[in-house]
Protein chains: 2
Amino acid sequence: MNLKELARKLDLSPTTVSRALNGYPEVNEETRARVAAAARRYNYAPNSRAIRLATGKAMAIGHVIPIAARHEIVNPVFADFIAGAGETYSRSGYDMVLTVVPDMDEERVYRELKARGTVDGIILHAPRLQDARLALLTEIGFPFVVHGRVTEATLPYSWVDVNNRRAFLRATEFLLDLGHRRIGLINGLEFMDFAFRRRSGFEQALAARGLTPDPALMASDEMTETAGYRAASRMLGLAAPPTALLVSSMISAIGARRAIQDRGLTLGRDVSVIIHDDELSYLRNGEAVPIYTATRSSVREAGRLAAQMLLDIIADPASAPQQRLLEAELIIGQSTGPAPQA
Amino acid sequence: MNLKELARKLDLSPTTVSRALNGYPEVNEETRARVAAAARRYNYAPNSRAIRLATGKAMAIGHVIPIAARHEIVNPVFADFIAGAGETYSRSGYDMVLTVVPDMDEERVYRELKARGTVDGIILHAPRLQDARLALLTEIGFPFVVHGRVTEATLPYSWVDVNNRRAFLRATEFLLDLGHRRIGLINGLEFMDFAFRRRSGFEQALAARGLTPDPALMASDEMTETAGYRAASRMLGLAAPPTALLVSSMISAIGARRAIQDRGLTLGRDVSVIIHDDELSYLRNGEAVPIYTATRSSVREAGRLAAQMLLDIIADPASAPQQRLLEAELIIGQSTGPAPQA
DNA sequence: TTGAAAGCGGTACCAC
DNA sequence: GTGGTACCGCTTTCAA
């Protein structure tokens with residue numbers, strides 16, 4: 001059933017039917033009611049391909065995942081962000097198009113996405129400290145919002161980010177307050193902007209107490225279980241091992257825990273662990289546990305916001321750039337961390 | 001730049017330009033070369049909205065995630081499947097549309113997806129033991145492939161699945177061979193088809209040795225850290241606690257590990273753990289660890305296959321239904337499991 | 001308040 | 001081998 005057929009059944013013109021269905025004011029209310037009833041009766045739904053061609057809008061937003069960051073898609077942070085964005089889109093009648101691109105021809109993909117008009121705008125994931133995509137998208141005039149920030153950007157741009165620096169600053173301070181002096185940082189790849197910021201928060205907290213970060217107690221690698229295991233294992237094998245670990249992702253933290261176990265150490269006695277990007281709700285019930293920070297619900301909220309921001313910018317390009325910094329929902333449980341060694 | 005403009009520049013008709021670009025044989029090769037050059041020069045890319053309207057194809061596949069299974073999106077299994085499917089789509093010029101639907105109006109969503117022609121077909125995720133969506137999609141004639149199976153289906157349908165039953169059967173056998181007799185199963189919600197199959201494999205292995213499954217040693221809940229913690233904690237507190245745990249997801253396994261620790265037990269000495277849905281590559285390097293099973297790469301392959309299967313079915317509906325069962329890539333590490341108690 | 005008709009940017013059939 | 005033209009199913013002036 002399409003518009004023309006429906007109009008014929010009603011003995012009306014397609015124009016009027018279209019107007020009635022789309023809430024135009026000039027339609028006789030009685031007519032509108034008849035049309036609405038018929039539409040329901042015949043299960044009419046407007047063809048989205050036709051609407052898109054006629055209006056020149058794609059009614060879709062692209063989420064582009066560089067394949068280099070493919071493990072990224074498995075990252076709960078990414079998934080939560082997507083879930084949040086999806087809520088916004090479905091409320092606004094937009095589709096969410098997921099594109100996985102081999103990073104060799106990233107530029108071609110973005111250019112084509114624009115030229116073919118598949119999507120109206122883009123959410124950029126996994127930004128680097130400096131990221132060529134900003135300039136490209138700005139140049140071709142493609143609306144976009146970055147999930148995260150690009151520290152070394154030279155152009156204004158829109159972004160939504162969680163305050164990674166502060167989250168790690170506070171977590172580090174917390175450990176310092178407990179008396180820890182040798183804290184290991186197991187971080188993501190630090191050409192990624194978020195990882196860079198996390199380290200900066202970590203170092204800032206140490207510096208504020210007059211401490212110099214020990215390079216041996218800092219690791220930067222993919223946030224996989226393997227990498228977490230290796231990093232933790234190496235640090236714990238040092239002559240002066242860390243008494244606490246600050247881990248940048250839940251996945252690496254699994255590896256870190258395993259490393260602790262393999263060395264015959266006990267979490268919460270020999271080592272405290274802080275996990276970022278994690279949410280263990282049972283910890284909220286007041287059970288004795290190590291400390292941790294959580295951002296997962298913040299990230300979902302970031303997804304909702306970023307999507308809405310992009311829709312707003314598409315509706316009114318003059319409103320760009322917009323920025324929004326969310327505080328990480330930092331939750332610190334009751335600590336059973338070790339008495340720090342002298 | 002659109003087709004008409006490009007044609008004008010070349011002093012050719014839109015028809016010829018279209019044919020040249022789309023590889024029709026009747027075009028003069030010299031002409032084709034000229035057209036190709038101009039297209040590149042002017043950065044021409046055909047408008048996908050126009051193509052879609054003209055051809056009546058959406059060139060897009062929908063992946064629908066029931067919001068009830070929203071944590072599902074965070075599940076590595078889901079993400080890997082998506083990543084695999086994405087590879088297939090980008091090779092075939094298809095888009096992947098992710099739709100998160102509140103399960104209240106699931107039916108409406110599917111009907112509209114069909115009526116509006118947003119996508120050419122659907123991949124169905126998170127199927128239940130019996131799932132009304134099969135009948136609905138079949139009735140409205142919407143091509144689809146299920147990621148997983150629907151045990152109590154009454155209609156033929158297409159699916160791609162990983163052999164969950166066998167994976168859990170083998171894992172259980174492995175533990176039995178080690179001498180374990182009290183094995184705890186921490187499973188997902190068993191109205192979900194995959195979870196049902198996993199339990200069935202578990203029970204089948206026990207039955208083959210004349211053992212009766214102990215209800216106290218079986219848990220079925222969401223695959224969250226919280227649930228994993230609770231289930232493991234409960235089982236370990238029994239008068240006759242399990243000497244090994246078989247856990248259905250990496251996330252629940254984190255909780256299970258934490259429960260083991262909280263009770264002062266040691267993994268690999270007091271308790272063995274098997275994780276499904278997990279891939280710990282460092283375990284492959286021969287380090288002494290408990291046992292585990294892995295399906296993650298199988299799942300990515302499943303995603304590739306399911307996408308391809310759907311594209312084939314769309315191209316030739318007569319080829320449906322198609323089915324494909326993949327064996328889980330079962331990896332069993334060197335065990336450090338406990339000597340089972342008498 | 002309603003309708004006729006011209007697009008939107010391609011595809012594909014039919015002539016030449 | 002190339003071009004003319006009628007769609008695809010809507011939206012959106014412009015007239016009535």
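Reckoned from all heavy atoms, side chains included, excluding hydrogens, waters and symmetry mates. Residue numbers start from 1 in every chain, and the chains themselves are labelled A, B, ... in the order their sequence lines are given, proteins ahead of strands.
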Qualifying residues under salt bridge (charged side-chain N to carboxylate O under 4.0 Å, His left out), relative to A:Asp120, sequence neighbours excluded: none
Basic-acidic side-chain contact under 4.0 Å: A:Asp95, A:Arg52: yes
Short N-O contact, B:Asp161 and B:Arg149, less than 4.0 angstrom: yes
Return a table of donor-acceptor pairs under 3.5 angstrom between the side chains of residues 2-12 of chain B and protein atoms on other chains or two or more places apart.
from: B:Asn2; atom 1: OD1; to: B:Lys4; atom 2: N; distance (Å): 3.2
from: B:Asn2; atom 1: OD1; to: B:Glu5; atom 2: N; distance (Å): 2.9

Aromatic contact, A:His63 with A:Tyr89 (centres under 6.0 Å): yes
Pair A:His125 and A:Phe81, ring centroids less than 6.0 Å apart: yes
Short side-chain N/O contact from B:Ser13 to OP1 or OP2 of D:dG3, under 4.0 Å: yes
Quick one: side chains of residues 308-321 of chain A, donor-acceptor pairs under 3.5 Å with protein atoms, not counting sequence neighbours, listed by atom name and distance.
from: A:Gln308; atom 1: NE2; to: A:Asp312; atom 2: OD1; distance (Å): 3.1
from: A:Asp316; atom 1: OD1; to: A:Ala318; atom 2: N; distance (Å): 3.2
from: A:Ser319; atom 1: OG; to: A:Asp316; atom 2: O; distance (Å): 2.7
from: A:Ser319; atom 1: OG; to: A:Gln322; atom 2: NE2; distance (Å): 3.1

Only distances under 3.5 Å count here; give the side-chain donor-acceptor pairs of residues 106-115 of chain A to other protein atoms, sequence neighbours excluded, each with its distance to 0.1 Å.
from: A:Glu106; atom 1: OE2; to: A:Tyr110; atom 2: OH; distance (Å): 3.3
from: A:Glu107; atom 1: OE2; to: A:Arg111; atom 2: NH1; distance (Å): 2.5
from: A:Arg108; atom 1: NH1; to: A:Glu112; atom 2: OE2; distance (Å): 3.3
from: A:Arg108; atom 1: NH2; to: A:Asp105; atom 2: OD2; distance (Å): 3.0
from: A:Tyr110; atom 1: OH; to: A:Arg133; atom 2: NH1; distance (Å): 3.3
from: A:Arg111; atom 1: NH2; to: A:Glu139; atom 2: OE2; distance (Å): 3.1
from: A:Glu112; atom 1: OE1; to: A:Arg116; atom 2: NH1; distance (Å): 3.3
from: A:Lys114; atom 1: NZ; to: A:Ile140; atom 2: O; distance (Å): 3.0

Contact letters for nucleotides 5-16 of chain D, in which S counts primed atoms plus P, OP1 and OP2 and B counts the base, heavy atoms under 4.0 Å: B--BBBBB----
Boundaries of the DNA chain C segment in contact with chain A, non-hydrogen, under 4.0 Å: C:dT1 to C:dG9
